[in-house]
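To keep things clear, I will list the structure first and then write my remarks on it.
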Amino acid sequence: MPELPEVESICAGLRGIALKKKILSANILTDYSLRQKIPRDIVDKASNAKIIKIERRAKYIQIFLDNDVVIIIHLGMSGKVLIKDNDYKYQKHDHFELELEDDVRLIYNDPRRFGLVIYSDKDNLENLAIFKNLGMEPLSEDFTPEKFGLILQNKKQPIKLSLMDNANIVGVGNIYAAESLFLSGISPLRPSNELSEKEIKILHGNIIQVLRNSIKLGGSSLKDYALVNGEKGYFQNNFFVYGRDKENCKICENKIKKIIQAGRTSFYCDNCQK
DNA sequence: AACACGCCCTGCGCGC
DNA sequence: TGCGCGCAGGGCGTGT
């Protein structure tokens, strides 16, 4: 479920319920490794601290505590953070839990275990390996058509791959790469350095637009529930191309094509996108 | 440096 | 109905 809009929606949900609450205990629930092993001392670091801020960075959730510890969560492909109460019974693939005051429990569940739960000292965040090579936040002032163009100008790789590379722009995954390219009339196969100045500007605008629109709808829910309260996001109903191969293009009624790029599926309309 | 590829996992839907 | 296969929203390590 988790590209930028989904992670942003989850953060918003968490803020609503967990902000200013004290962590009574943190519990590691499985012995499995996620992308990394959950550090055992996260239990001591998090217990009895208060949650003062919850922020997204790229596709990571950062939970800031009042003891300068930051809990960092990534959802991988199948991770969820759910809000439960004291009646909750653990489910398969529950890996981590924050038990808060006022009968609130945050449960991290991840069947495929591509996700991540670690912590860091606040002052050391930018030095973390996972944050060191991240590119621009597409919804920040930092992301301008000019900087976007500079990044693309030396890359021969297909534009779709450049969009999905977090060293360039963070948070854009398979869905939003496909959708923003469709809205821009640009084929996912086009070499990055062959986009015109005008196309770069259009694509820049559409990346921002599509991410914002999705956040408004709570992100996209495919088979999993995306939001912390177990409800679904609704942006999937607005997909022009993602997951719509062999269906008709919503603009020209040609059949949507499905191809493989760098091992990932790409969907596009070869009539609307050149 | 830039890029291609395989791998980390479980679950589910499809075709037979 | 049951089974095997392919595929899934991400990221990283290794090779050229």
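Remember, it's a predicted structure, so these values are computed and weren't measured experimentally. Just so it is clear: chains get the letters A, B, ... in the order the sequence lines come, proteins before strands, and each one is counted from 1. Computation of the quantities below employed the complete heavy-atom set of this structure, encompassing side-chain atoms and omitting hydrogens, waters and symmetry-equivalent molecules.
- Put simply, CD on A:Gln36 is 11 Å from C1' on C:dC12, counting in whole angstrom units.
- Rounded to an integer number of Å, the gap from CG of A:Leu152 to C1' of B:dA2 is 15 Å.
- Heavy atoms of A:Asp110 sit nowhere under 4.0 angstrom from any nucleic acid atom.
- Cation-pi contact between A:Lys257 and A:Tyr268: absent, since separation from the ring centre below 6.0 Å together with deviation from the ring axis within 45° is not met.
- Separation of the A:Tyr60 and A:Phe131 ring centroids falls under the 6.0 Å cut-off.
- One donor-acceptor pair, N or O on each side, does fall under 3.5 Å between the base of B:dC9 and the side chain of A:Arg112.
- The separation between A:Asn168 atom CG and B:dC3 atom C1' is 13 Å, rounded to whole Å.
- OP1 or OP2 of C:dG10 has not a single side-chain nitrogen or oxygen of A:His74 nearer than 4.0 Å.
- Of the side-chain N and O atoms in A:Arg264, one or more sit less than 4.0 angstrom from OP1 or OP2 of C:dG10.
- Only the P atoms considered, B:dC9 is 15 Å distant from C:dT14, to the nearest whole Å.
- A salt bridge between A:Glu8 and A:Arg56 is present, with a side-chain N of the basic residue lying under 4.0 Å from a carboxylate O of the acidic one.
- Shown here, C:dG9 forms no base pair; nothing in the strands shown gives a Watson-Crick or G-U wobble contact with both key distances under 3.5 Å.
- Among the protein residues, A:Gly263 comes within range of no part of the nucleic acid, since none of its heavy atoms lies under 4.0 Å from any strand.
- Between the side-chain ring of A:Phe114 and the base of B:dC8, a stacking contact exists by the 5.5 Å and 30° definition.
- In this structure, the CZ atom of A:Arg113 is 17 Å from the C1' atom of C:dC12, given to the nearest Å.
- A donor-acceptor pair shorter than 3.5 Å cannot be found between the side chains of A:Lys50 and A:Asn67.
- To the nearest whole angstrom, the two P atoms, one in C:dC7 and one in B:dC5, are 16 Å apart.
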| request: Walk me through it: do A:Ser180 and A:Asn206 pass the test side chain to side chain donor-acceptor pair (under 3.5 Å)? | output: CA-CA 5 Å; A:Ser180 57; A:Asn206 281 324; over 6 Å; no
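- Look at B:dC9: it lacks any Watson-Crick or wobble partner with both distances under 3.5 angstrom.
- The cationic group of A:Arg113 lies under 6.0 Å from the six-membered ring centre of A:Tyr32 and within 45° of the ring axis, placing it in a cation-pi geometry.
- Of the listed nucleotides (C:dA8, B:dC3, C:dG11), C:dA8 has the atom at the smallest distance from the side chain of A:Met77.
- Between A:Asn154 and B:dA2 there is no side-chain N or O to OP1 or OP2 distance below 4.0 Å.
- B:dC3 atom P lies 15 Å from atom CE of A:Met164, rounded to whole Å.
- Taking the C1' atom of each, B:dC3 and C:dG9 are spaced 23 Å apart, rounded to whole Å.
- Contact between the side-chain N/O atoms of A:Lys92 and the OP1/OP2 oxygens of B:dG11 is found at a separation under 4.0 Å.
- Atom CG of A:Leu222 and atom C1' of C:dG10 are 14 Å apart (whole Å).
- Contact annotation: A:His93 reaches the phosphate of B:dG11 (side-chain N/O to OP1 or OP2, under 4.0 Å).
- Between C:dC12 and A:Arg35, a contact under 4.0 Å exists linking OP1 or OP2 to a side-chain N or O.
- No contact: A:Ser33 has no heavy atom under 4.0 Å from any strand.
- When the P atom of B:dA4 is taken as reference, atom NZ of A:Lys160 falls 12 Å away, rounded to whole Å.
- Residue A:Lys258 is classed as having no contact, given no heavy-atom separation below 4.0 Å to the nucleic acid.
- Here the side chain of A:Pro2 is nearest to one of C:dG10, B:dG11, B:dC3, namely C:dG10.
- Within the 4.0 Å cut-off from OP1 or OP2 of B:dC12, not a single side-chain nitrogen or oxygen of A:Ser78 is found.
- At the phosphate of C:dG11, OP1 or OP2 sits under 4.0 Å from a side-chain N or O atom of A:Lys59.
- Atom CG of A:Asn174 and atom C1' of C:dG11 are 13 Å apart (whole Å).
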| message | Go through it in stages, so that I can follow the logic: the residues are A:Glu97 and A:Asn27, the test is side chain to side chain donor-acceptor pair (under 3.5 Å), and I'd like the CA-CA distance, side-chain angles, deciding distance and then a yes or no. | response | CA-CA 5 Å; A:Glu97 166 188 40; A:Asn27 303 306; 3.0 Å; yes
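- Using a 4.0 Å heavy-atom distance criterion, A:Tyr242 is classed as a sugar-phosphate-only contact.
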